[in-house]
Amino acid sequence: MDFNFTPDQLDMQKMVRDFVAKEIAPHALEMDKEGIVPSDLWKKLDEAGLLNLTVPEEYDGPGLDALSIALIYEELGKGCAGVATTTAANALASYPVVLLGSEEQKRKMFSVINDGNLAAFALTEPGAGSDAGAVATTAVKDGNEYILNGTKCFITNGGIAEIYIIFANTRKTAGIRGLTAFIVDRNTPGFSVGKEEEKMGIRASNTCELILENVCIPVENRIGREGEGFKIAMKTLDAARPFVGAVSVGLAQAAFELAVKYAKERIQFDKPIASFQLVQAMLADMAMQIEAARLLVYKACWLKDQGVPYSKESAIAKCFAADTAMKVTVDVVQVLGGYGYSKEYPAEKYMRDAKIMQIYEGTNQIQRLVIANNILY
Ligand code: COS
């Protein structure tokens, strides 16, 4: 077992760490307040090569392994989970094409992402969250085209993406066996962006409703076969969930470092509060949980990179890391006391941002189901 990273991974980790310290962390509170990632930051993220992390080398991408990508998301998570989420949504949206896309689909999708554009993965609907098979959006074949109708909700990058992966039902009564994945361009007639969500956390990221009204797309935009959409979605989520874990680890680490610094500086009863054992126990628990979460994320990515099954480990990594981020950030607010609750410090932002980690890309209840299914069946 080798716990060392390669020189390339270390270089890249340093590059992203420096980028985050300079370009993201100092602006995180402002972006959270404004609820937007400024366009000049997009440009810089693109120039730094942080938008197309999952694009293979043969399609002009960086061709990174999953572990390297996780290291990058961990660093981005330290700076701002909202920014990290926006870039990670590109990875999520790219995987259906990475995994099952045709040559032509790969060229199309990856060139859009390589050009610094955003993508969105649209599975969720008002009536289909955890129950992904309940998708009500329909895709009806008409000659060489499909006509899509329906509404998607809570779609990360929904309002700002150029290209979308839309899951629709090609056989209405078939449940998960009717689900099919399609590529839809933003400018397709009938496609529009609905309301933008006003969120508790990851406020810099964009979350929107999508409306499809007789959206006509060529058959070539279907990914895989009709009815293969559920498996494509599940495989995509397997691949992407460790990155939610990585962002959670980064977010928890940043919050933890804030608590350590504060505990050393804050004087009460004539001593730094770090000298009190009840505070020390909280910091020690945080350190343990973050370290365990980090190792689980790296292990899931390592398994993926070995080409062996990793669905259970992916769910374990996401679930444990997200729960860790939540628990750690709640305790960080506690260590900072009134200052933790104030918007003057970033502790409360970390706590708000952490909550979504337990909800998106499959709730942590769903992760436990996936883990149990892998253990039992
Ligand atoms: N990889 C490949 N195939 C998979 C798979 C995976 N990880 N998970 C399931 N499948 C396949 C199964 O093999 C099965 O195929 P067959 O019928 O051919 O044997 C099929 O999919 C159905 O599997 P299963 O019976 O386990 O599915 P369930 O209906 O019980 O649902 C859960 C499984 C609940 C785990 C699934 O609906 C899920 O993950 N929901 C959460 C969705 C989600 O994360 N939403 C968040 C929004 S997207 S950001």
Side-chain angles (χ1 to χ4, degrees), residues 54 66 73 81 84-96 98-100 118-137 150-158 161 164-169 171 173-181 197 199 202 205-210 223-245 247-248 300 303-304 307-319 322 355-377:
T54 50
Y73 284 128
T85 293
T86 315
T87 61
N90 263 21
L92 180 68
S94 72
Y95 271 127
V98 171
L99 295 169
L100 271 139
L118 296 177
F121 176 91
L123 175 63
T124 303
E125 296 186 357
S130 293
D131 185 5
V135 160
T137 294
T151 303
K152 297 285 174 184
C153 66
F154 302 137
I155 306 304
T156 303
N157 290 351
Y164 298 80
I165 303 295
I166 304 279
F167 289 85
N169 221 308
R171 275 198 298 152
T173 51
I176 59 170
R177 294 188 196 290
L179 216 58
T180 307
E197 295 297 331
K199 304 191 296 297
I202 57 161
S205 73
N206 172 280
T207 312
C208 281
E209 182 184 54
L210 304 177
I223 305 172
R225 296 188 302 272
E226 278 193 12
E228 224 178 351
F230 187 75
K231 285 188 188 173
I232 292 175
M234 293 300 112
K235 284 184 179 166
T236 295
L237 289 164
D238 280 348
R241 281 173 179 156
F243 301 149
V244 175
V247 173
S248 303
L303 288 171
K304 177 173 191 290
V308 296
Y310 67 103
S311 185
K312 181 181 76 177
E313 289 77 6
S314 166
I316 289 176
K318 189 273 187 187
C319 188
K355 188 62 206 168
I356 193 66
M357 305 293 152
Q358 295 179 307
I359 298 172
Y360 66 7
E361 294 195 28
T363 63
N364 277 9
Q365 285 68 33
I366 287 292
Q367 306 310 316
R368 286 176 169 89
L369 255 186
V370 171
I371 296 162
N373 283 343
N374 273 277
I375 294 167
L376 298 170
Y377 308 113

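Ligands are counted one by one from 1 in listed order, and the atoms in each one are counted from 1 as well.
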Which protein heavy atom lies closest to [atom], and at what distance to 0.1 Å?
atom: atom 9 (C) of ligand 1; value: M234 CG, 3.9 Å
atom: atom 30 (O) of ligand 1; value: N373 ND2, 5.0 Å
atom: atom 22 (C) of ligand 1; value: I176 CD1, 3.4 Å
atom: atom 2 (C) of ligand 1; value: K235 CG, 3.8 Å
atom: atom 47 (C) of ligand 1; value: T124 OG1, 3.2 Å
atom: atom 33 (C) of ligand 1; value: F230 CZ, 4.1 Å
atom: atom 45 (N) of ligand 1; value: G129 O, 3.6 Å
atom: atom 15 (O) of ligand 1; value: K231 CE, 3.2 Å

* To do: Check the pair L123, L179 against side-chain contact (heavy atoms from CB on, under 4.5 Å), reporting the backbone distance first and the verdict last.
  => CA-CA 10 Å; L123 175 63; L179 216 58; 4.1 Å; yes

Check each heavy atom of [X] against ligand 1 and say whether those closer than 4.0 Å belong to the side chain, the backbone, both or neither.
X: T363; value: neither
X: D131; value: neither
X: K318; value: neither

* Asked: Which atoms from ligand 1 have a heavy atom of V370 less than 4.0 Å away?
  -> 35 (C)

* Asked: Do the ring centers of F121 and F167 come within less than 6.0 Å of each other?
  -> yes

* According to the interplanar angle, ranging from 0 to 90°, do the rings of F243 and Y95 count as parallel (below 30°), tilted (30 to 60°) or perpendicular (above 60°)? -> parallel

If we only count heavy atoms from C-beta on, is the [X] to [Y] side-chain gap below 4.5 Å?
X: L210; Y: I166; result: yes
X: K231; Y: I176; result: no
X: K199; Y: S205; result: yes
X: Q365; Y: L369; result: no

* To the nearest 0.5 Å, what is the distance between OH (Y164) and CD1 (I155)? -> 9.5 Å

* Asked: So how far is it from T156 OG1 to I356 CD1, rounded to the nearest 0.5 Å?
  -> 7.5 Å

* Asked: Given K304 and S314, is the side-chain contact (heavy atoms from CB on, under 4.5 Å) satisfied, shown in steps?
  -> CA-CA 9 Å; K304 177 173 191 290; S314 166; over 6 Å; no

* Any non-hydrogen atom of R241 lying under 4.0 Å from ligand 1? -> yes

* Please lay out, stage by stage, how N373 and V370 fare under the test side-chain contact (heavy atoms from CB on, under 4.5 Å). => CA-CA 5 Å; N373 283 343; V370 171; 5.7 Å; no

Nearest non-hydrogen atom to [atom] belongs to which of [options]?
atom: atom 48 (S) of ligand 1; options: F154, F121, Y310; value: F121
atom: atom 41 (C) of ligand 1; options: S130, S311, G362; value: S130
atom: atom 34 (C) of ligand 1; options: T236, D238, I366; value: I366
atom: atom 43 (C) of ligand 1; options: L237, V244, T156; value: L237

* Scan the protein's non-hydrogen atoms and note whether one is under 4.0 Å from atom 25 (O) of ligand 1. => no

